[in-house]
Amino acid sequence: ASTRAAGMQVNSFNFGVNALRAIQGYVLLRDVLKNAPANLKWVFIETPLDQGYEPFQNARTNRSIYWHTVENTRFAFDYVLSSDSSTFNKIIILGSHVLPFIYNQINIGRVFNQWLPINQFSEDEQQKAIKFLANEGYQPLEGESDPKRKAFLNNLEGYQRAVTKLANAKRALSTQGTIPNNHLKLFEKIVADVEAAGATPVFILPPTLLPQDSLHQAYEQGKIPYLLSFNDPNATPKLYEISQRYDEEHLNLAGSQYFTQLLAKAFAETFRPQA
C-alpha cells in the first residue's frame, strides 16, 4: 500500500526464516534464485554478519542437516577461516559444522522418512501456515510468556543503555574501515547471484542493536550497490521505543508495520522512475 501510494506497483514476499544466520541465509537465497519467480526485479537481503557458528543443539535437526552438503560446508569453512576471529574461536565454530555435515553425508533419518512418513501437520501448524501465507510470509511474534519477552521486560534499563551505546557508535562510525574478508566474500556472492537472476540486490539493515559496520563500509566503498539502513537510533528513534519492540532484537506488530512504511518510503525514493 505504501509503495502504491508512492506511485509504484509492486508485489513482495518475505522469504525470511526465524533465526536465519549468515551462511544458511546465503544458501537459502541461492536456492530460491535457482527457481526465481517471473519478473523478479529486486531482492532485499537482511543478513546478520555473524561469526558463522551453527549451534550444537541444532546439529541433528533437518534444518541444519539438509544444507550441509560438501559445497555448502566448504563455503562455511571458508567463511569462518577468512574471518578475523581468534584461532580458538575458529576451531570451535568449524567444529559446529562437522556433525551436521556427517549426518548429511550418511543420510541419517532417510529410513524413518521412508518407513514412517509423517503426512499430517498438527492443527496448530496448519493455522500458523494459513496465517503465514495470508501475510505474504510475515509472522508476528506473540506470547507474553516467551522467555525472551520476559527477559526484555525485566531489563528495560539495560535495553536503554544498549540503545544509547549504539547511538554513540553511529555518531563515531567510520565508513572507510577495513571490511573482514569473510564479509566481503559473502557480499560478493550475494550480489553476483542476485544479478545473475536478473534482479537488483538491495541490502537492508533493520533496527538491530548491533552496529553491523561492515554493511555501511561495503556500501560506501562500492562493494554493494544499495543499502537501506534503519539501525541508527539518532535517525529513526521511534523504531527503538519500547512500545515498538517485542524484545531487544525484534519489533512487535506495531513496530513492524511502522518499519514497513519507512522501508517502502526509502525504497520508493531510491527506485521510483523519475518523471
Side-chain angles (χ1 to χ4, degrees), residues 10-55 58-83 85 90 93-94 96-105 107 109-110 132-133 136-139 179-206 208 212 214-215 217-219 222-228 263 267 271:
V10 297
N11 295 314
S12 65
F13 188 85
N14 185 346
F15 220 106
V17 178
N18 292 340
L20 194 62
R21 294 171 174 81
I23 299 172
Q24 188 187 5
Y26 168 69
V27 171
L28 177 62
L29 171 67
R30 186 201 60 205
D31 291 348
V32 169
L33 291 176
K34 288 178 180 177
N35 189 27
N39 302 317
L40 181 66
K41 296 190 67 175
W42 299 280
V43 177
F44 287 19
I45 304 104
E46 177 198 336
T47 180
L49 298 174
D50 53 33
Q51 294 182 312
Y53 175 70
E54 182 73 7
N58 295 348
R60 290 190 286 183
T61 62
N62 285 337
R63 172 169 164 175
S64 182
I65 294 171
Y66 94 91
W67 68 267
H68 274 88
T69 62
V70 173
E71 177 188 1
N72 293 337
T73 304
R74 184 184 297 118
F75 171 68
F77 271 49
D78 183 51
Y79 181 86
V80 174
L81 291 172
S82 60
S83 72
S85 296
K90 287 180 180 179
I93 298 170
L94 291 173
S96 72
H97 292 278
V98 172
L99 192 56
F101 170 72
I102 293 174
Y103 284 161
N104 178 283
Q105 293 303 297
N107 291 330
R110 292 289 179 87
F132 178 79
L133 292 174
E136 284 83 32
Y138 172 68
Q139 186 174 350
I179 306 170
N181 286 332
N182 60 334
H183 294 171
L184 271 178
K185 291 180 179 181
L186 180 65
F187 297 151
E188 290 172 356
K189 284 183 172 293
I190 290 173
V191 170
D193 285 9
V194 172
E195 291 182 344
T200 298
V202 183
F203 287 79
I204 305 297
L205 189 44
T208 174
Q212 302 284 274
S214 289
L215 275 168
Q217 293 163 348
Y219 174 66
K223 307 298 183 182
I224 59 177
Y226 296 99
L227 173 64
L228 303 182
L263 179 59
F267 168 70
F271 293 101

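Small disclaimer: the values here were computed from a predicted structure and weren't measured.
Ring orientation note: the planes of Tyr26 and Phe75 are tilted relative to one another, at an angle of 30° to 60°.
Donor-acceptor pairing under 3.5 Å is lacking for the side chains of Asn58 and Thr61.
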Go through the steps for Phe44 and Asn14 under the test side-chain contact (heavy atoms from CB on, under 4.5 Å), then give the verdict. CA-CA 9 Å; Phe44 287 19; Asn14 185 346; over 6 Å; no
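For Trp42 and Phe267, the ring centers sit closer than 6.0 Å to each other.
In this structure, CG in Leu20 is found 6.0 Å from CG in Leu28, a value given to the nearest 0.5 Å. Interatomic distance, NZ of Lys223 versus CD of Glu188, reported as 7.0 Å (0.5 Å rounding). If you take CD1 on Ile179 and CD on Gln217, they are separated by 5.5 Å, rounding to the nearest 0.5 Å. Taking CZ of Phe187 as the start and CG of Asn182 as the end, the distance is 9.0 Å to the nearest 0.5 Å. Note that CD of Glu54 is 8.0 Å distant from CZ of Arg63, once rounded to the nearest 0.5 Å.
The main-chain N or O of Ile65 is found under 3.5 Å from a side-chain atom of Asn104 such that the two form a donor-acceptor pair. One N or O on the side chain of Gln212 and one on the backbone of Leu49 form a donor-acceptor pair closer than 3.5 Å. Within the 3.5 Å criterion, the main-chain N or O of Gly52 finds a donor-acceptor partner in the side chain of His97.
Partners of Arg30 by salt bridge (Lys or Arg N to Asp or Glu O under 4.0 Å), not counting sequence neighbours, listed by chain and number: Glu71. Evaluation of the ring pair (Phe, Tyr, Trp, His ring centres under 6.0 Å) rule for Tyr79 yields no partner, not counting sequence neighbours.
Annotation: side chain of Ser85 is not in contact with side chain of Val80 (no heavy-atom distance under 4.5 Å).
Atom NZ of Lys41 has 12 or fewer neighbouring heavy atoms from other residues, nucleotides or ligands inside a 6.0 Å radius.
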